[in-house]
Number of protein chains: 2
Amino acid sequence: MPSNPLEDQFADIMAVLPRISRLGSSLNRGELVQRALESSGVNLDRPSMTVLMSLRMADGPLRIGEIARRMEVAGPHVTRLVHELERRGLAKRVQDPDDKRARLVELTPAGADAAAGYLHGILGWFGEALAGWSADDLSTLGALLSRLIDDLSAHAARTANPADGR
Amino acid sequence: MPSNPLEDQFADIMAVLPRISRLGSSLNRGELVQRALESSGVNLDRPSMTVLMSLRMADGPLRIGEIARRMEVAGPHVTRLVHELERRGLAKRVQDPDDKRARLVELTPAGADAAAGYLHGILGWFGEALAGWSADDLSTLGALLSRLIDDLSAHAARTANPADGR
DNA sequence: TATTGTTATACTCTATAACTATA
DNA sequence: TATAGTTATAGAGTATAACAATA
């Protein structure tokens, strides 16, 4: 009795989808991140730490707009986060020599320390959780996830509403 | 020059982690869900649709607390969502015959239609996006994700702060 | 005329505390 | 004494609109 042909046809997708959604939620607002924040030694909220990590992962200073693009949030949000980070001595803004409208944001030594502590907390926890994984399985998962993200992004671009500027 | 031994050691994890986090965010607040919500035919916000989907995926009516557990949110949040769904004729609450404190929530026909429309939108979009995937690759990804989630949950339980009731 | 960033404001989603009714 | 749900309140996180400065 195939009462739900759509679900039958996409059973594999139906199985994967809620898992990713739930895993993403857990990673974004779970207790793990809370503890990693504490192990950073500074009392930062999550989005502020995400700014620090964006800078940590980048090759050099980033513009406000570039941070917003990498975090996938709106610009004004980053403006306020960076101001607060600057007030606390974790980041600093300098003029972009090539464009006087823009500012470049970079980590201070204290900011780099906080990012390192956070990263240490996250990676240590994951290293323990995934101690039983082979390098092969990890890289297979990484490759499939990358492909998934690429395909979803590409399809999102194809089906984007042209009325949006995005 | 191994300036970041921690990152070197967990390079695989470092590669997977931000991807999942970003993918989760995209799935939870992205444009895709917005369009799927529109294709449901009702004008619902995301968490309300998540309640409908929880009921759709369940075998039968669910208690408020069970919906909250599946959504991984606090109880009062679900109370309000369900009240609004009931007001709009998409769900209804009935007394649990076994426990007069509890209420069972179930979909109305209109609610089932809305959930079906939403699911159709989501699955159709994903089916197109992942048209190039073999069944093998999809099931491998599903299996690795399941294992990942299980291992993360287990380690979270081991490292949970005993002061929390959770 | 378009783009970078800022300021001010408003919205979405979720949590916590205090309470009621039943177990 | 503990549990299911409710009501009221508060918080985190993000978006949108309007603007200034520079390109």
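Note on naming: letters A, B, ... go to the chains in the order of the sequence lines (proteins, then strands), and numbering restarts at 1 for each one.
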Kindly compute the distance separating CG (B/Leu130) from CZ (A/Arg147), expressed to the nearest 0.5 Å. 8.5 Å
Give me the one residue out of B/Leu104, B/Val78, B/Leu81 that meets side-chain contact (heavy atoms from CB on, under 4.5 Å) with B/Ile64. B/Val78
Kindly indicate whether the side chain of A/Trp125, heavy atoms from C-beta on, has any atom under 4.5 Å from the side chain of A/Arg35. yes
note: B/Gln34, atom CD; D/dA15, atom C1'; distance rounded to Å ~ 13 Å
What's the CZ-C1' distance between B/Arg29 and D/dA12, to the nearest Å? 13 Å
Contact list please: residues 80-89 of chain B against DNA chain C, heavy atoms, distance less than 4.0 Å, in numerical order. B/Arg80
Looking at residues at least two apart in the chain, or sitting in another chain, which of them share a salt bridge (Lys or Arg N to Asp or Glu O under 4.0 Å) with A/Lys100? none
5'-most to 3'-most nt of DNA chain C touching chain B (<4.0 Å, heavy-atom partner on protein side) reads C/dC13 to C/dA23
Partners passing side-chain hydrogen bond (donor to acceptor under 3.5 Å, both in side chains) against A/Ser25 (at least two apart in sequence or in another chain): B/Asn28
May I have the distance from A/Asn28 (atom CG) to D/dT14 (atom C1'), rounded to whole angstrom? 13 Å
Ordered by number, residues from residues 36-53 of chain B within less than 4.0 Å of DNA chain C (heavy atoms) are B/Asp45, B/Arg46, B/Pro47
Under the rule for salt bridge (Lys or Arg N to Asp or Glu O under 4.0 Å), what residues qualify as partners of B/Arg69, not counting sequence neighbours? B/Glu66
Expressed in angstrom and rounded to an integer, what is the separation of A/Ile64 atom CD1 from D/dA20 atom P? 20 Å
Sequence neighbours excluded, the answer for salt bridge (Lys or Arg N to Asp or Glu O under 4.0 Å) partners of A/Glu38 is none
Sequence neighbours left out, what passes salt bridge (Lys or Arg N to Asp or Glu O under 4.0 Å) with B/Arg93? Give chain and number order. B/Glu86
Got more than 12 heavy atoms from elsewhere within 6.0 Å of CG, A/Asn43? no
How would you list, by chain and number, every residue that makes a side-chain hydrogen bond (donor to acceptor under 3.5 Å, both in side chains) with B/Glu84, sequence neighbours excluded? B/Arg87
Sorted by chain and residue number, the side-chain hydrogen bond (donor to acceptor under 3.5 Å, both in side chains) partners of B/Ser146 (sequence neighbours excluded) come out as A/Arg19
Taking DNA chain C as the partner, which of residues 93-108 of chain B come within under 4.0 angstrom of it by heavy atom? B/Asp99, B/Lys100, B/Arg101
If you measure from CG on A/Leu17 to CG on B/Leu27, what distance do you get to the nearest 0.5 Å? 6.0 Å
Can you name the residues that form a side chain to side chain contact (heavy atoms under 4.5 Å, CB included) with B/Asp45, not counting sequence neighbours? B/Pro47, B/Ser48
